[in-house]
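Take this structure first; my questions come after.
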Amino acid sequence: MVCHLKRKRRIRPAGRLVTGTAIALILSACADSGPTVGDGDLLLESSLLPSTRTSSPQEQQVLPQRSPRDQWLAELRESIPQELPDRLSELALSQAAGLVITQTLEQQRELPINTYRRTLLAELYTHQGHRSVFLDRWSAPGYRANLLLGEVRSAHQQGLNAGPYHLDQLDQLEQQIQGLEPLVPVHFSLDEPMVEALAEQALSLGAIGDNQEVLDALARQVAGLEEGGPETTELSEVFAAAVEQLKPALRERVQFEVVLCDAYLSYARDMRLGNVSRLTPEQLRQGGGRGQITADRFRETFAYLASSSEEEFAHHLEWLYPTHPQYSLLMASLARYRAIVEAGGWDRVPPRSLQPGSRHSRVAQLKERLAIEGFYQGPIDNHYDEATERAVRSYQESHQMEVTGATHTMFWSSLNIPAEQRLAQIGLALERWRESRIDYEPYYVFVNIPDFHAEVWRNGQREMRFKVVVGNNQRECNPQTGTMELVNATPMFHAEIEYLVFNPYWYVPDRIRRDELDVEIIENPAWLQENGYEVALIEGVYRIRQLPGEENALGLVKFMLPNPFNVYMHDTPRKQYFRFPIRAFSHGCMRVENPMAYAEYLLSNSGQWDPERIQRILDSRVETTIILDQPVPIFVEYYVVTVDDQGRTNFLADIYQYDRDRLAPSPPTPVPCGPAIAATGESQVEQPPPTVNWQNDGVAVLPDGTILRPDGTIEFSPERLAAMAQPEQSEQNNEQGLSTPRREQPDQRSRQQEAGVQADQTEPEILPDDHGP
């Protein structure tokens, strides 16, 4: 069928030919001009265009000078046949795509996309004028599509579940559209009477000015997208016919585009856009929750993609990746351990005491096992030689064990964890990095809780690494929930290091005072004075604080990073804890091994380091604050699997059992806290321990009536005086709650071993506290 535009003088205004959904479409540029061959072989032939002969200088001299209106009309008449056809071609393709997208998204059974996403996709494409993002002018998969397909097809290399990425259906649709003829947009041609009619219609717009805006308005009127249609009904009919003819050729292409776009949204959500870890609860609430915030990010990102260049799109996919070098290193570890699992993993080696020089068949099994992970290279025999010892030492170093070179219980427990579990741990570490609060900060401090280290990073390079002690894994009963909960765990958060305090006071938290100091005070009313504490009136409230000095629980300096958890970094007088590989001994704050070197680095980088001044401050024993000119971001996070500088995959202590709980097939059941059960099965009522009654005026009354005043004076009760005069009655006094014996602490080696063993056990070991912050 060949359609010509017939010449007519005046024709009634055209009605709006496309209604309903199409009226809401926002249209934009799409493709080059040219013929379209479809079901009806619609071809719009060119007609004669207005004469473009230029007048001679003599003719121009005799012509009357044109008014601004006439000049504008002349320019418009020249622009209409040259530019309007392309606009109509773009709008026709856009309208056709919009109608097919709407129809495609309404077909619930044909697309693996949930209802929420269908609604969102319809909105995204409408706002972008139904332009294709991943196909070249709605024709064939372009650079963007191929780049994105490569990403989602290799998603398993990052430990991602590729299920939401529709890979099978995308493969099928890609094959279908590769067999289609190239899509060529319809070309519209206009004859001279039509140009004149359109120019007159332009006058009804009531504006003389930007011809591009006028041409856009005329195109929208022809397309039926704007009130006050043109006086060219046949042109609108031809436009509608072109839209209908384009629709069949777009169906497979639109399906591929929409499914690929949904795959992109899932991939971008998993990689970065769904990460809300940096938002506070208040920000989450104001943003409408995680789902709403993620959807808003989709809208913003989709708008960027629709207008971005190919190079910008490639950079965008790179931007989705976590920035820390650990991510790419862990991807390599994931590939290596996946290959191990696919090859059959490793067999369990029955534990046996082995050491350098041993000869036993179990040594050969040990060598085979260590060789699978790359720790041992050499002959497989029964001799525990130097190479075997080196391999065992390397394994112990990379698994937070006491490095002996000989086998021990913790070594065998770790060695016999299945390869499948190790692979899952690496995958979870990658997932945690995708949830990381770290972004593109050029300068920051990073603390990995299970690694018991802090690092300073600048411009992508690690400049400092030092040991820290973190919160222990002691659990206590939460009376509000009725379950046992971690009470001293160092939280995961991000903040900024804003200031340093030299010679700090330690203000004892109420919980530590109640659980620990009160116990000491009941036993010895003079304990506060003897250990450098005082009761001071601070902002109208009496509080216990430890005086500055080398024995202060915070040491000589603390690093303040205001946060909702009230934790910070600080020095410590208990340097012995840094000897142990597993350092979970605090009440939540992070103790720093080399605080002065750390302080020097932070102050030097803000131009504030003055060693002589710092020494004068320390010698004065007066609490002194130095505010950093440049606050430093700090990120406290939790990664059980890391890759060290030697390229070894390190499996660390899951001290808070966060990874164990997350990898469990179902959420763990909270452990209830209830009364002790006797062997008979009858409930036993636990007697609450004696407590100190701290009054608002700073006076403390002990269970036996002894009174401690804020000035340090003590008024002993008659019972206490009698007990002091008769030491032989101490056992009876203890039974009456007049004094409480000290709690014995296990030796530090036992504590370290308990903490280490728990990294590879199902049930956590409980670390006792150590009277420090």
Point to revise | T409 backbone acceptor or donor facing S413 side chain under 3.5 Å | key: no
Exercise for review: Over all heavy atoms of both residues, which pair between Y143 and A314 is shortest? Give the atoms and the distance, please.
Suggested key: OH-CB, 3.9 Å
Practice item. May I ask you to check whether Y638 and D654 show a side-chain donor-acceptor distance below 3.5 Å? Key: yes
Review point. For E397 and R648, what are the C-alpha separation, side-chain angles and deciding distance, and is it a salt bridge (Lys or Arg N to Asp or Glu O under 4.0 Å)?
Key: CA-CA 10 Å; E397 288 173 355; R648 301 174 301 189; 3.0 Å; yes
Check your understanding: Just wondering, do Y165 and Y264 contact through their side chains at under 4.5 Å, heavy atoms?
Key -> no
Check your understanding: If you round to the nearest 0.5 Å, how far is CD of Q425 from OH of Y337?
Key -> 10.0 Å
Revision key, fill the gap. When every non-hydrogen atom of P581 is compared with those of E402, the smallest separation belongs to CG-N, 4.4 Å
Review point. Any side-chain heavy atom of V469 within less than 4.5 Å of one from T572?
Key: no
Exercise for review: State, to 0.1 Å, how close V468 and R583 come at their nearest heavy-atom pair, and which atoms those are.
Suggested key: O-NE, 3.2 Å
Review point. Parallel, tilted or perpendicular: which fits the ring planes of H324 and W433, with parallel below 30° and perpendicular above 60°?
Key: parallel
Check your understanding: Rounded to the nearest 0.5 Å, what separation is found between the CG atom of N448 and the CE atom of M492?
Key -> 10.5 Å
Practice item. For atom CG of D629, decide whether the heavy atoms of other residues, nucleotides or ligands shown that lie under 6.0 angstrom number more than 12. Key: yes
Practice item. Step through the shown structure and confirm whether more than 12 heavy atoms of other residues, nucleotides or ligands are within 6.0 Å of CD on Q646. Key: yes
Review point. With side chains defined as the heavy atoms from C-beta onward, is the minimum distance between M331 and L430 less than 4.5 Å?
Key: yes
**Study point:** Non-hydrogen atoms of N488 and Y656 that approach each other most closely
**Key:** O-OH, 4.5 Å
Check your understanding: In this structure, are over 12 heavy atoms from other groups packed under 6.0 Å from I627 atom CD1?
Key -> no
Practice item. Give a yes or no on this: more than 12 heavy atoms of other residues, nucleotides or ligands lie within 6.0 Å of atom CD of E550. Key: no
**Study point:** Side chains of F375 and S398 in contact at under 4.5 Å (non-hydrogen atoms)
**Key:** yes
Practice item. Measure from NZ or CZ of K558 to the centre of the six-membered ring of Y568 and say whether it is under 6.0 Å with the direction within 45° of the ring axis. Key: yes
Point to revise | Full working for salt bridge (Lys or Arg N to Asp or Glu O under 4.0 Å) between D296 and R299 | key: CA-CA 5 Å; D296 290 341; R299 295 182 180 95; 2.8 Å; yes
Check your understanding: Could you give the distance from CG (D644) to CG (N650), rounded to the nearest 0.5 Å?
Key -> 4.5 Å
Review point. Are D645 and R462 close enough for a salt bridge, meaning some N to O gap below 4.0 Å?
Key: yes
Check your understanding: Just wondering, more than 12 heavy atoms not from E600 lying within 6.0 Å of its CD?
Key -> yes
Practice item. Give a yes or no on whether a salt bridge exists between R662 and E435, defined as a side-chain N under 4.0 angstrom from a carboxylate O. Key: yes
Practice item. For the residue pair H316 and Y304, categorise the inter-ring angle as parallel (less than 30°), tilted (30 to 60°) or perpendicular (more than 60°). Key: tilted
Study note, to complete from the structure: On a heavy-atom basis, the closest approach of L628 and S606 is CD2-OG, 3.8 Å
Check your understanding: Taking everything shown except R511 itself, do over 12 heavy atoms lie less than 6.0 Å from its CZ?
Key -> yes
Check your understanding: Given D610 and R616, is the salt bridge (Lys or Arg N to Asp or Glu O under 4.0 Å) satisfied, shown in steps?
Key -> CA-CA 10 Å; D610 183 343; R616 287 195 302 270; 5.1 Å; no
Point to revise | Q158 side chain near Y327 side chain, heavy-atom distance below 4.5 Å | key: yes
Point to revise | Residues, nucleotides or ligands: over 12 heavy atoms within 6.0 Å of E282 CD | key: yes
Practice item. Please name the pair of heavy atoms, one in M401 and one in Y395, separated by the smallest distance, quoted to 0.1 Å. Key: CE-CE2, 3.8 Å
Review point. Can you find a heavy atom in the side chain of V501 that is under 4.5 Å from one in the side chain of E623?
Key: yes
Practice item. Establish, yes or no, whether the cationic atom of R422 lies under 6.0 Å from the six-membered ring centre of F651 and within 45° of the ring axis. Key: yes
Review point. Between R458 and Y443, is NZ or CZ placed under 6.0 angstrom from the six-membered ring centre and within 45° of the ring axis?
Key: yes
Exercise for review: Take K367 and E373 through the test salt bridge (Lys or Arg N to Asp or Glu O under 4.0 Å) and record every step on the way to the result.
Suggested key: CA-CA 10 Å; K367 287 184 174 183; E373 284 190 274; over 6 Å; no
Review point. Do Y601 and E463 get their side chains close enough for a donor-acceptor pair, meaning under 3.5 Å?
Key: yes
Point to revise | Spacing of CG belonging to L149 relative to CZ belonging to R144, to within rounding of 0.5 Å | key: 13.5 Å
Review point. According to the interplanar angle, ranging from 0 to 90°, do the rings of F493 and F565 count as parallel (below 30°), tilted (30 to 60°) or perpendicular (above 60°)?
Key: tilted
Practice item. Any chance you could measure R574, atom CZ, to Q576, atom CD, to the nearest 0.5 Å? Key: 7.5 Å
Check your understanding: Going from CZ on R432 to CG on L428, what distance comes out if it is rounded to the nearest 0.5 angstrom?
Key -> 5.0 Å
Check your understanding: Got a sec: does the CD of E300 have more than 12 other heavy atoms crowding it under 6.0 Å?
Key -> no
Check your understanding: Is it true that R434 and E637 make a salt bridge, defined as a side-chain N closer than 4.0 Å to a carboxylate O?
Key -> no
Exercise for review: Establish, yes or no, whether the cationic atom of R545 lies under 6.0 Å from the six-membered ring centre of Y505 and within 45° of the ring axis.
Suggested key: yes
Check your understanding: In terms of ring plane angle, is the pair Y444 and F635 parallel, tilted or perpendicular, where the classes change at 30° and 60°?
Key -> perpendicular
